[in-house]
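Just follow the structure's listing: the first ligand is 1, and inside any ligand the first atom is 1. Quick caveat, the model's predicted, so the values are computed rather than measured.
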Amino acid sequence: MKLVINQQTVEVNAPADRTALQYLRASGLTGTKEGCASGDCGACTVMVGELKAGKVQFKTINSCIVPIGQLAGTHVVTVEGLADQSGLHPVQDEMVVCHGSQCGFCTPGFVMSLAAMLENGDPAKTETVQQGISGNLCRCTGYRPIVQAGMNALGRDYESRLQDPGLLNDIKPASSGSVQQPLNESALRAVMVQYPRAPLIAGGTDLMLEVTQRYQGIERLIDVSRVKELRLITETQDTYGIGASVTYTELEAFFAPRSPALVSLLHRFGSRQIRNSGTIGGNLANGSPIADMPPILICWDATLELCSSSGQTREVDISEFYTGYRQTVLKADEYIAGIRIPKRSLNSFTRCYKSSKRIEDDISSVMGAFLFEGDSSNLLEGGGSKITAARIAFGGMAATPVRLTGIEDRLVGKTVSEELLTDVSEALGEAMSPLTDVRASAEYRTAMARSMVVRALNEFSGISKPLVMELELHA
Ligand SMILES: Cc1cc2nc3c(=O)[nH]c(=O)nc-3n(C[C@H](O)[C@H](O)[C@H](O)COP(=O)(O)OP(=O)(O)OC[C@H]3O[C@@H](n4cnc5c(N)ncnc54)[C@H](O)[C@@H]3O)c2cc1C
Ligand code: FES
Ligand code: FES
């Protein structure tokens with residue numbers, strides 16, 4: 001397969017599980033660093049340019065968890081590809097001016113995250129820069145000078161020499177080596193029949209940790225990230241259809257005007273690099289009890305569209321998708337094609353709360369999603385009304401994501417009051433028996449879940465002085 005690296009076309013023949021970082025460093029491009037090899041530190045960040053509607057668009061990825069074979073037909077830019085004869089790239093220049101580097105180990109990763117923002121024409125806003133470097137850790141310099149360097153660079157006039165579509169025009173857009181990249185569903189099914197034991201890969205942000213953390217070899221991969229039908233977001237009169245290979249960055253853009261609750265959750269999901277690669281289908285198929293998407297999708301009554309390699313399709317309610325710890329109803333010859341979300345769900349009062357040790361780039365200890373409907377006219381903002389419908393779902397509280405129908409039943413027909421909050425808080429403690437693990441103790445998880453329910457109900461009812469003090473003591 002072919003790709004472009006720093007404006008040079010390169011032919012690569014690598015095993016399926018060779019990461020882009022391993023390939024780059026073995027090729028002498030050692031400016032890209034390895035810190036964690038698990039997507040957590042950003043030292044390995046590179047830019048990947050893809051042709052979209054005749055233009056090259058860049059995004060950042062963690063090269064430590066992306067197989068090099070997935071990058072066929074793209075333009076990979078590493079820190080070595082930024083400076084030219086005229087001098088340093090604006091971002092590098094500003095990092096020097098602002099003293100944005102000390103030991104320098106993290107610096108190439110930060111430079112690439114900031115450079116991608118400049119390529120995308122992002123505005124010089126503190127929040128934008130902070131989001132852009134949310135997947136980059138620095139242990140010695142501190143973030144203030146790095147954010148300043150980003151702000152200064154984004155404020156500069158900049159003419160890109162990297163966005164040349166001509167560089168990508170003459171290379172094949174997809175790989176058919178050890179990483180098979182079908183471009184449509186019928187090609188996907190054919191390749192699944194040909195290689196029934198080969199795992200599917202989308203963003204690789206879960207799967208590739210098997211390689212880099214558990215040292216599992218993978219001989220062949222079927223890449224679903226380019227299957228055209230799985231990349232679509234569609235709309236009918238009643239539903240939104242989200243293709244399984246839609247990334248979080250794409251979801252953020254689509255839901256920005258439609259669901260502030262989901263967008264606020266996505267801002268807490270991994271990092272910019274993870275959101276650029278990770279997909280909704282991968283999150284569901286992985287079967288993790290602490291995945292962030294299932295609770296909100298449960299509240300929204302979402303349906304999964306599953307398809308077999310022989311072309312048979314079936315629909316499964318998301319509440320019935322999970323059968324046990326990391327177990328789902330997905331059969332070995334099936335893939336998730338998409339997720340259907342009823343539009344009416346998005347009109348209901350929805351909240352998502354994520355509890356994790358860090359704000360950015362961290363997995364949930366507890367993830368709670370809540371949907372309430374009431375008889376008030378001001379439903380999206382709450383309004384002190386009687387609850388006419390309720391959905392409550394949690395991640396991190398059991399072996400699977402769970403919906404709490406018993407608690408929902410206690411709420412319907414009631415108006416939020418101190419007695420109701422005490423009642424559901426107590427009932428929730430009895431309904432759940434979470435695990436103690438490295439992320440949180442069972443007691444902490446229960447206390448968090450209780451305070452999330454109380455917060456959601458307070459927000460729904462629009463109570464200006466939240467009814468929470470007594471319940472905190474209670475938890
Ligand atoms: C640093 C870091 C931070 C993270 N932060 C979060 C977080 O905040 N919240 C969270 O929930 N998760 C988080 N994750 C986990 C991960 O990013 C998500 O679960 C992501 O959605 C996985 O999607 P993917 O496309 O990368 O899946 P992949 O890794 O490509 O695949 C995951 C699994 O799903 C299967 N699969 C993929 N697509 C399909 C399909 N269409 N049909 C059937 N099977 C399929 C694969 O075979 C594999 O078994 C994080 C991961 C990392 C490394
Ligand atoms: S090496 Fe840490 S994110 Fe890749
Ligand atoms: S400069 Fe040392 S880790 Fe950032």
Report the part of [X] (side chain from C-beta onward, or backbone N, CA, C, O) that has a heavy atom under 4.0 Å from ligand 1; answer both or neither where that applies.
X	result
N62	neither
I274	side chain
I280	neither

(message) Please determine whether side chain to side chain contact (heavy atoms under 4.5 Å, CB included) holds for the pair T239 and I341, giving the CA-CA distance in whole Å, both sets of side-chain angles, and the decisive distance to 0.1 Å.
(response) CA-CA 5 Å; T239 57; I341 300 170; over 6 Å; no
(message) Measuring from non-hydrogen atoms of P199 to any atom of ligand 1, is the shortest distance under 4.0 Å?
(response)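 It does not; every heavy atom stays at 4.0 Å or beyond.
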(request) Give the contacting part of A37 toward ligand 2: side chain, backbone, both or neither, where contact means a heavy-atom distance below 4.0 Å. (result)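 The answer is the backbone.
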Proximal ligand 3 atoms for [X], defined as those under 4.0 Å from one of its heavy atoms:
X	answer
G104	1 (S), 2 (Fe)
R139	3 (S), 4 (Fe)
T141	1 (S)
C106	1 (S), 3 (S), 4 (Fe)

Mark up the atoms of ligand 2 that fall under 4.0 Å of a heavy atom belonging to [X], in ascending order.
X	result
C41	1 (S), 2 (Fe), 3 (S)
C36	1 (S), 2 (Fe), 3 (S)
N62	3 (S)
G42	2 (Fe), 3 (S)
D40	3 (S)
G39	3 (S)

Taking distance alone, with N or O pairs closer than 3.5 Å, would you say [X] contacts ligand 1?
X	value
N283	yes
K354	yes
L200	yes
Y248	yes

(request) Could you please compute the angle at atom 4 (Fe) of ligand 2 from SG of C44 to SG of C64, rounded to 10°? (result)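 Reported to 10°, the angle equals 100°.
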(message) Closer than 2.8 Å to atom 2 (Fe) of ligand 3: does that hold for any N, O or S atom in C103?
(response)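 Yes, within the cut-off.
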(message) Between Y240 and F254 (judged by ring centroids, cut-off 6.0 Å), do the two rings come close enough to count as a pair?
(response)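 Ring centroids of Y240 and F254 are less than 6.0 Å from each other.
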(request) Tell me whether the centres of the aromatic rings in F110 and F105 are closer together than 6.0 Å. (result)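 No.
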(message) Please determine whether C140 has a backbone or side-chain N, O or S atom lying under 2.8 Å from atom 4 (Fe) of ligand 3.
(response)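 False for C140.
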(message) Within ligand 1, which atoms have a heavy atom of Y335 less than 4.0 Å away?
(response)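 Contacts of ligand 1 toward Y335, numbered from 1: 42 (N), 43 (C).
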(request) Report, in ascending order of atom number, the atoms of ligand 1 lying under 4.0 Å from any heavy atom of D292. (result)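 Those of ligand 1 that fall under 4.0 Å from D292 are 7 (C), 8 (O), 9 (N), 10 (C), 11 (O).
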(message) Tell me whether the rings of F394 and F370 are parallel (<30°), tilted (30 to 60°) or perpendicular (>60°).
(response)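 F394 and F370: perpendicular rings.
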